[in-house]
Amino acid sequence: MEATATTHSTEAHTGPARILDREPLVLNNRSYSWITNRICGIVENKQPMLWWVLFVPSVLLTLLTVFCFTYLISTGVGVWGQKQPVAWAWDITNFVFWIGIGHAGTLISAILFLTRQKWRTSVNRAAEAMTIFAVMCAGLFPAFHVGRVWMVWFLAPIPNANAVWQNFKSPLLWDVFAVSTYFTVSAVFWFLGLVPDLATLRDRCKPGLRKTLYGIFSLGWRGANRHWSHYETAYMLLAALSTPLVLSVHSVVSFDFATSIVPGWHTTIFPPYFVAGAIFGGFAMVLTLMIPVSKIYGLGDLITPKHIDNMAKIILLTGTIVGYAYCMEFFIAYYGANKYELQTFQLRGLYGPSTWAYYFMFGFNVFAPQLFWYRPFRHNLWVVMFVCMCVNAGMWFERYVIIATTLERHLTPGSWRVYEATWVDKYTFLGTFGLFMMLFLLFLRFLPVIAIGEVKGVLPQSNPHASDHDEKGIQEEDLMNYSDRHVAKTVA
Amino acid sequence: MSTTLKRVHGFLAEFDSVQDLYHAAEHVRDAGYQRWDVHTPFPIHGMDHAMGVKRSKLPYFVFFGGMTGTCVAFTLQTLTQTTFWSDIGFGFLQTLAETYPTVVQAKPTHIWTLPAFFPVMFELTILFSAFTVLFGLLSMIGLPRLNHPLFVSKRFAKFSDDGFFVCIEARDPKFSQEGTKSFLEKLGGKNIELVEDDI
């Protein structure tokens with residue numbers, strides 16, 4: 001990108017960047033202490049007014065969810081709009097939606113780590129935090145969906161008085177294990193990544209409560225290489241464990257539907273389709289959060305246009321996969337010659353009572369991301385934010401289409417019933433956005449939003465052999481590019 | 001509470017850059033020191049080689065941790081949902097756990113229903129592995145600990161910002177107050193400090 005090329009170039013490099021040049025991951029040749037000061041400054045300084053402007057409504061929205069759930073418990077699940085045949089509606093839609101949001105965090109922290117994508121370092125911390133908060137929001141819905149939430153401990157495999165254990169052959173119980181494992185492993189991964197940065201905050205604090213707390217949570221970290229050596233192995237192992245985990249979680253979530261015999265759900269494409277959709281929706285949420293964070297806190301040198309560009313490309317890719325899955329579902333409904341399946345799809349997409357949801361889903365998820373084929377759109381933050389908002393909404397509609405519109409038309413026409421959400425459904429869901437935002441804002445307030453240690457590690461001066469090239473007459477800015485090809489050319 | 005009694009922890013020397021530190025580490029390794037370490041704000045690529053540190057053994061522990069998870073999941077599910085343990089003569093286990101297999105939707109109770117148990121076996125493998133990573137790591141590196149002699153040094157706090165340190169501990173058989181200090185000076189170490197710990 002041109003702007004990037006000019007910011008890091010000196011006289012030796014003028015004009016547009018060559019196509020194969022690698023763009024620097026941190027702009028303007030920032031020093032280690034600049035990075036420390038900038039990121040720790042977010043936690044140490046007073047928060048900007050905007051933080052409060054967002055935080056107060058988030059807390060109020062969270063209280064709204066608390067109120068709705070209190071009302072639900074005191075009155076009964078009948079305050080939700082679901083009746084037969086639509087027994088799963090907004091609650092499970094919201095659950096799948098929030099779980100999906102989490103997936104981008106794990107993808108960035110695990111899969112991109114294993115594939116040595118160094119650009120992940122600027123966004124992984126916030127994305128992992130997002131994962132954890134999203135899974136927290138997700139967990140609320142199935143817990144309350146069981147009806148008597150105080151009996152939710154029956155999900156845990158512990159002996160009870162009836163000697164009736166969980167049905168481990170049920171996909172719903174697989175879900176319990178998948179989601180709780182996912183949450184736990186993500187939290188461990190996130191915490192382990194935080195330890196060196198908490199040590200940074202500890203070392204900058206004056207003695208007092210903050211220093212004590214950061215001190216406790218940084219576990220006495222002192223950056224010893226003998227520690228780093230084990231630490232990096234541990235981090236790599238967790239990444240290697242999280243990679244199949246993240247793919248399995250949404251596959252298992254899709255089994256809730258796919259292993260049933262309900263027309264419209266009994267589909268083998270569901271696991272890959274759900275995983276692609278989750279990554280798609282999750283990346284949109286990462287961008288939705290990170291673009292404002294970057295602007296508000298002046299992190300433009302760390303979260304560069306290259307980062308946003310890469311994430312936009314992932315959205316384009318996964319959005320197109322999702323589009324393929326939508327078309328393939330329709331095709332199989334036709335080709336499979338199962339008239340119930342075909343009818344379900346006709347009602348979903350062509351002339352049912354909820355086709356509007358299908359059009360929203362298709363437009364937001366398949367057409368909107370196609371803007372990202374055009375490079376200037378990937379670099380225009382307004383366009384990126386617009387597409388991400390479309391995707392956020394579109395992915396919710398996708399889950400709604402799959403769940404509610406399928407159940408509306410049961411096999412017996414006598415029981416057909418169009419689903420209508422009640423105010424409790426709506427406000428509960430709205431409130432979880434408040435909970436999510438509140439947790440994210442508190443994270444911004446108290447923890448380093450960017451992985452300080454990891455970003456320092458990808459700076460050009462962090463290469464222990466950088467100065468070895470000095471004797472061969474190579475300019476510093478050549479090393480900025482990390483490009484062996486480029487270095488070889490200069491030598492010649 | 002500070003006392004007048006002090007114990008020497010070691011010499012702490014600061015280096016300007018990753019490159020200086022890397023070369024210094026190579027020299028300390030070649031000089032035959034054993035009890036020493038470098039302290040850096042981020043892991044330095046190749047430093048294990050420069051220091052002569054062996055590969056971490058953590059993956060071996062994690063393998064066994066993961067296998068434990070698989071076995072726990074297998075036992076839990078077969079014990080409560082199948083007749084497997086009775087069939088192989090361990091029926092007392094099933095009595096012990098007071099199980100009453102749920103037979104719904106004609107799902108069988110013999111061992112060949114095993115594939116239905118794979119998702120939970122997979123998840124618990126990952127869960128147990130992840131806990132082994134966390135606790136294995138902490139026990140291998142001797143953390144958490146609330147204090148360390150190095151934290152006495154004012155300058156040492158820089159390690160988490162942009163400081164690159166070498167610390168040679170007094171426990172090292174080759175350590176000597178004069179020799180080690182001049183060795184670190186020769187390597188280009190700056191602000192060489194004798195770190196002492198209250199007893």
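Below, chain A is the first sequence line, B the second, and so on; all start at residue 1. FYI, side chains are in, hydrogens and waters are out, and symmetry mates aren't considered; it's all heavy atoms of this structure.
The distance from atom OG1 of A:Thr184 to atom CG of B:Leu127, rounded to the nearest 0.5 Å, is 5.5 Å. With values rounded to the nearest 0.5 angstrom, A:Leu237 atom CG is found 8.0 Å from B:Ser56 atom OG. Once rounded to the nearest 0.5 Å, the distance linking NE2 of B:His39 with CH2 of A:Trp221 reads 11.0 Å. Residue A:Asn225 holds its CG atom at 8.0 Å from CH2 of B:Trp36, rounded to the nearest 0.5 Å. If you take NE2 on B:His45 and CD on A:Glu232, they are separated by 9.5 Å, rounding to the nearest 0.5 Å. Summarising the geometry, atom CZ belonging to B:Phe122 is positioned 14.0 Å from atom CZ belonging to A:Phe177; distances are rounded to the nearest 0.5 Å.
Taking non-hydrogen atoms and a 4.5 Å limit, the residue list of residues 164-173 of chain B in contact with chain A, ordered by number, reads B:Phe164. Heavy-atom proximity under 4.5 angstrom to chain A picks out B:Leu76, B:Gln77, B:Thr80, B:Gln81 from residues 76-86 of chain B. Contacts of residues 151-158 of chain B with chain A at a heavy-atom distance below 4.5 Å involve B:Phe151, B:Phe156, B:Ala157, listed in sequence order.
The candidate with the highest count of non-hydrogen atom pairs below 4.5 Å against chain A, out of B:Asp162, B:Leu58, B:Asp161, is B:Asp161. Ranked by heavy-atom pairs under 4.5 Å with chain A, the first of B:Pro119, B:Ala130, B:Pro115 is B:Pro119. Taking chain A as the reference chain and counting heavy-atom pairs below 4.5 Å, the highest number among B:Leu146, B:Val38, B:Leu138, B:Asn147 is found for B:Val38. Note: B:Pro41 leads B:Pro41, B:Ala25, B:Gly66 in heavy-atom pairs under 4.5 Å with chain A. When the candidates A:Met236, A:His230, A:Arg222 are compared by the number of heavy-atom contacts under 4.5 Å with chain B, A:Arg222 comes out ahead. Interface summary for chain A: among B:Leu21, B:Ile126, B:Val53, the most heavy-atom pairs under 4.5 angstrom belong to B:Ile126. Here A:Ala178 is the residue among A:Pro157, A:Ser170, A:Ala178, A:Ser251 with the most heavy-atom pairs under 4.5 Å with chain B. Top candidate by heavy-atom pairs under 4.5 Å with chain B, chosen from A:Ile452, A:Val185, A:Asp197, is A:Val185.
The environment of CZ in A:Phe191 is crowded: more than 12 heavy-atom neighbours from other residues, nucleotides or ligands sit within 6.0 Å. Within 6.0 Å of atom CZ in B:Phe90, 12 or fewer heavy atoms from other residues, nucleotides or ligands are found, so the atom counts as exposed in its surroundings. Atom CZ of B:Phe61 sits in a sparse spot, with 12 or fewer heavy atoms from other residues, nucleotides or ligands closer than 6.0 Å. In the displayed structure, B:Arg35 atom CZ is contacted under 6.0 Å by at most 12 heavy atoms of other residues, nucleotides or ligands. No more than 12 heavy atoms of other residues, nucleotides or ligands sit less than 6.0 Å from atom CD1 of A:Ile261. In A:Phe154, the CZ atom is crowded: over 12 heavy atoms of neighbouring residues, nucleotides or ligands sit closer than 6.0 Å.
In this structure, the portion of B:Met51 lying under 4.5 Å from any heavy atom of chain A is its side chain and not its backbone. Only the side chain of A:Val252 comes within contact range of chain B, with at least one heavy atom under 4.5 Å from a heavy atom of that chain. Looking at B:Ser17, there are no atoms closer than 4.5 Å to chain A (heavy atoms on both sides), in backbone or side chain. Heavy atoms of B:Thr125 lying under 4.5 Å from chain A are absent altogether. Of the two parts of A:Leu192, only the side chain, counted from C-beta on, holds a non-hydrogen atom closer than 4.5 Å to a non-hydrogen atom of chain B. Using a 4.5 Å cut-off between heavy atoms, B:Pro144 contacts chain A through both its backbone and its side chain. For A:Ser33, the parts sitting under 4.5 Å from any heavy atom of chain B are the backbone and the side chain alike.
Side-chain contact between A:Thr233 and B:Pro59 is present, with at least one heavy-atom pair separated by less than 4.5 Å. By the 4.5 Å heavy-atom criterion applied to side chains, A:Val188 and B:Val133 are not counted as neighbours. Using a 4.5 Å heavy-atom threshold, the side chains of A:Asn463 and B:Val18 count as separate.
A donor-acceptor contact shorter than 3.5 Å links the side chain of B:Asp37 to the backbone of A:Arg226. At distances below 3.5 Å, at least one donor-acceptor pair connects side-chain atoms of A:Trp228 with backbone N or O atoms of B:Thr40. In this structure a side-chain-to-backbone donor-acceptor pair under 3.5 Å is missing from A:Glu454 to B:Phe42. Using modelled atom types, one side-chain atom of B:Lys107 and one backbone atom of A:Lys169 make a donor-acceptor pair closer than 3.5 Å. Without hydrogens or angle criteria, A:Thr200 side chain to B:Ser160 main chain gives a donor-acceptor distance under 3.5 Å.
Side-chain contact check for A:Ser248 and B:Glu123: at least one donor-acceptor pair (N or O, by modelled atom type) lies under 3.5 Å.
Between A:Gly220 and B:Leu143, the shortest heavy-atom contact is O-CD2, 3.7 Å.
With sequence neighbours excluded, no residue forms a salt bridge (Lys or Arg N to Asp or Glu O under 4.0 Å) with B:Glu26.
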